[in-house]
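Scroll down for the structure; my scribbles are underneath it.
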Amino acid sequence: MLHRRSAAIFWGVLVLAGFLGVAAVLAVSATTGVVRTGGQGGPADVAAEVVPSPTPRFSTTIVGASEAPGIPTGEVDVLGKPVLANCTTCHATREANLTTREGRQLQEFHQGLTTTHGEQQCVACHNPGDYSQLRLASGEAIEFTDSLRLCRQCHGPQYRDYEQGAHGGMTGYWDLSRGPRTRNHCLACHDAHAPQYQSVMPVFRPRDLPPRSHREDHP
Amino acid sequence: MLQLPILGQVDRRTALKAAGAMLGAAAFAKAVAPIVEWASQETSADEFLQKHFKQLSGDELAQVIRRLEAETQEEYGAEVTISDVRPQPGVKFGYALNLSICIGCRKCAEACHQENNHDRASGNSYIRVLEMDQGSLDLESGTADYDHPVPQPDKFYMPVQCQQCDRPPCVNVCPVEATWKEDDGLVVVDYNWCIGCRYCEAACPYHARRFNWTKPEVPTAEINPNQGYLSNRIRPQGVVEKCTFCLHRTRAGRLPACLEACPTGARVFGNLLDPNSEISYVLRTKRVFVLKEELGTRPQFFYFFDT
């Protein structure tokens, strides 16, 4: 009798312990579940499980930087192509007028060159000592192909984002450990003399919408 | 009792029952005839017996892919490669869009159309670009079929596509589990398991899903041969499809087609888990927001204005 009773107590305790164990496991998994899925928005959550950045094994090429430009002389060569003159052809022998702001202030060449880029003189960017070059605010002369350094003097926030890959178009690979990338230079999208992005006609008008009149009936 | 001579022992009640049953069976056969005819023409036995994507073994999947490639060759005359690129460990995809820069040119929608082998007749695309009044974020008041030079001075432009939600309502409502969320965050569809009920299309708060009302028509020369089983392979008629962040490209390390097509660089794509990625930079330094945050869908597609 006593033996039977102790056996019953033993089994009862065992079953109870089993229930407790299951409950504990459930509680723990529920807690971790809340930790993993709780909170609002993605960034805070993903910050918890960061991975080391893959080593970039491919390079990024920047396209769209312009060479030193030529000025059309109005003549055409035997192939019908316009004859361009280097800036220094004229400017080497002429005194620079530091106050000039626009093409129409000049008597020759540069006509039709309207500048909508702040209130700056030509020599704010062009080097009056050598017109085949540009000049930084520090006085340092730089090549035309290096113009990104010139733009970033004033457009710091844009350059900061550009450096981080958050400004400017690109093609190729997001994962530089698996392939190269091509990025646009400032001048690929922005005209140096009128940098505001030009308006365009949109392409690819959607054709799967109900007629406009129908939509107006049903707001 | 009246006895029909030819039926012998059969009484009138039984005879009427039999006649009624035959009539019913005939009516049923007639009613389902179009479905039987369609199924026998449009569905091969292999396709009908195909298992769910997640239950396919490597060999079975290879066989399915070979069949699909042969079907594309036969029906569209194009030699294509259908790949099954799996999520990479340590990668969760995120996308951000700079609304200060987007000019609404719709080049992204066009690139999507071409990359993903969309039906040419309906001009389908996974991206809808909304022209919105400045100062408002009311998606209902946005227009998608604007046709004037952009950007207009008093407007801003908001491309909307699949937000690859962490809590995707579209996945929850699917009655057959034909759509699910993958480890890298992408919500995908097994087009061969989808029954076309369109519950997911109704459940999505972003109108990110599209239904194939017809068999997609794509000229042979325009078919993109780089295809993924879960992404841009040519869809069958009667199934739902959606943006997959071009997983056949992005899981191979490339940028999505819509980003490459963007002339202004408004789109930023990358790995959310990499603290040095472009997308992490945007989330860390910009004031980003998500669409319809109050619904709790937790999109992995972010919008921001330049600051």
Side-chain angles (χ1 to χ4, degrees), chain A residues 36-37 39-54 56 58 157-158 160-184 186 188-190 196-212 215 219, chain B residues 90-92 94 96 98 101 103-107 109-110 113 122-125 128-129 140 144-151 166-167 250 252-255 259-260 262-265 268-278 280-286 288 290 293 298-300 302 306-307:
Chain A
R36 273 178 52 233
T37 57
Q40 285 296 312
D45 297 335
V46 299
E49 40 172 333
V50 293
V51 294
S53 312
F58 292 87
Q158 284 79 4
R160 176 198 63 200
D161 290 350
Y162 181 85
E163 278 288 276
Q164 302 289 338
H167 184 111
M170 60 177 80
T171 57
Y173 285 75
W174 65 266
D175 185 353
L176 287 176
S177 69
R178 293 204 276 175
R181 190 183 297 173
T182 303
R183 299 197 57 189
N184 285 335
C186 316
C189 300
H190 302 287
Q196 184 176 31
Y197 203 90
Q198 298 300 297
S199 67
V200 295
M201 274 306 285
V203 297
F204 201 68
R205 189 175 182 186
R207 280 175 280 148
D208 54 346
L209 296 169
R212 207 173 270 255
R215 272 176 278 159
Chain B
V91 173
K92 185 174 190 225
N98 188 341
I101 292 184
I103 57 167
C105 66
R106 288 199 290 249
K107 289 257 173 68
E110 185 182 50
H113 179 73
S122 58
N124 197 14
S125 172
R128 184 80 83 206
V129 184
E140 302 291 320
D145 57 347
Y146 55 88
D147 196 16
H148 46 230
V150 290
D166 269 357
R167 288 179 182 161
T250 49
R254 295 172 65 198
L255 291 160
L259 187 146
E260 289 199 341
C262 180
T264 64
V268 183
F269 179 82
N271 182 6
L272 291 167
L273 303 184
D274 176 2
N276 298 316
S277 67
E278 292 78 10
S280 294
Y281 168 78
V282 167
L283 297 187
R284 195 166 58 241
T285 58
K286 305 290 184 183
V288 299
V290 293
E293 185 185 8
R298 297 175 64 194
Q300 300 304 295
F302 305 89
D306 257 342
T307 44

* **Most chain A-contacting option - heavy-atom pairs closer than 4.5 Å, from B:P151, B:P263, B:G270** => B:P263

* To do: List the atom of B:A144, the atom of A:P206, and the distance in Å for their closest heavy-atom pair.
  => O-CG, 3.3 Å

* For B:P149, side-chain contact (heavy atoms from CB on, under 4.5 Å) partners two or more places apart -> A:S199, A:M201, B:Q152

* Tell me, side chain or backbone of A:R181 under 4.5 Å from chain B's heavy atoms, or both, or neither? -> side chain

* Structure fact -> Whatever's closer than 4.5 Å to a heavy atom in chain A on B:V129 counts as neither

* To do: Answer yes or no: is there a side-chain heavy-atom contact under 4.5 Å between B:E260 and A:T182?
  => no

* Asked: Nearest 0.5 Å, what's the OG1-CG distance between B:T264 and A:N184?
  -> 10.0 Å

* Has the side chain of B:R106 got a donor or acceptor atom that lies under 3.5 Å from a matching backbone atom of A:P202? -> no

* For chain A, the option from B:V282, B:V268, B:L255, B:N276 that forms the most heavy-atom pairs under 4.5 Å -> B:L255

* **Most chain B-contacting option - heavy-atom pairs closer than 4.5 Å, from A:R207, A:R205, A:R183, A:H190** => A:R205

Listing, residues 166-175 of chain A side-chain donor-acceptor contacts under 3.5 Å, not counting sequence neighbours, or none:
residue : atom : partner : partner atom : Å
A:W174  : NE1  : B:T250  : O            : 2.9
A:W174  : NE1  : B:G253  : O            : 3.4
A:W174  : NE1  : B:R254  : O            : 3.3
A:D175  : OD1  : A:S177  : N            : 3.0
A:D175  : OD1  : A:S177  : OG           : 2.6
A:D175  : OD2  : A:S177  : OG           : 3.4
A:D175  : OD2  : A:R178  : NE           : 3.2

* Counting only heavy atoms closer than 4.5 Å, note whether B:N124 contacts chain A via side chain, backbone, both or neither. => both

* So which heavy atom on A:F204 is nearest to which on B:S125, and how close? -> CE2-CB, 3.7 Å

* Top contributor to chain A interface from B:N98, B:V150, B:L259 [non-hydrogen pairs under 4.5 Å] -> B:V150

* Structure fact -> Per-residue tally against chain A (heavy atom, under 4.5 Å) across B:S280, B:C262, B:A96, B:G123 peaks at B:G123

* Asked: In terms of heavy-atom contacts, does NZ of B:K286 have more than 12 from other residues, nucleotides or ligands at under 6.0 Å?
  -> yes

* Asked: Between A:D208 and B:R128, does a side-chain contact (heavy atoms from CB on, under 4.5 Å) hold up when you go through it step by step?
  -> CA-CA 11 Å; A:D208 54 346; B:R128 184 80 83 206; 3.0 Å; yes

* To do: Run the numbers on B:Y281 and A:R160 for side-chain contact (heavy atoms from CB on, under 4.5 Å), then give the verdict.
  => CA-CA 11 Å; B:Y281 168 78; A:R160 176 198 63 200; 3.2 Å; yes

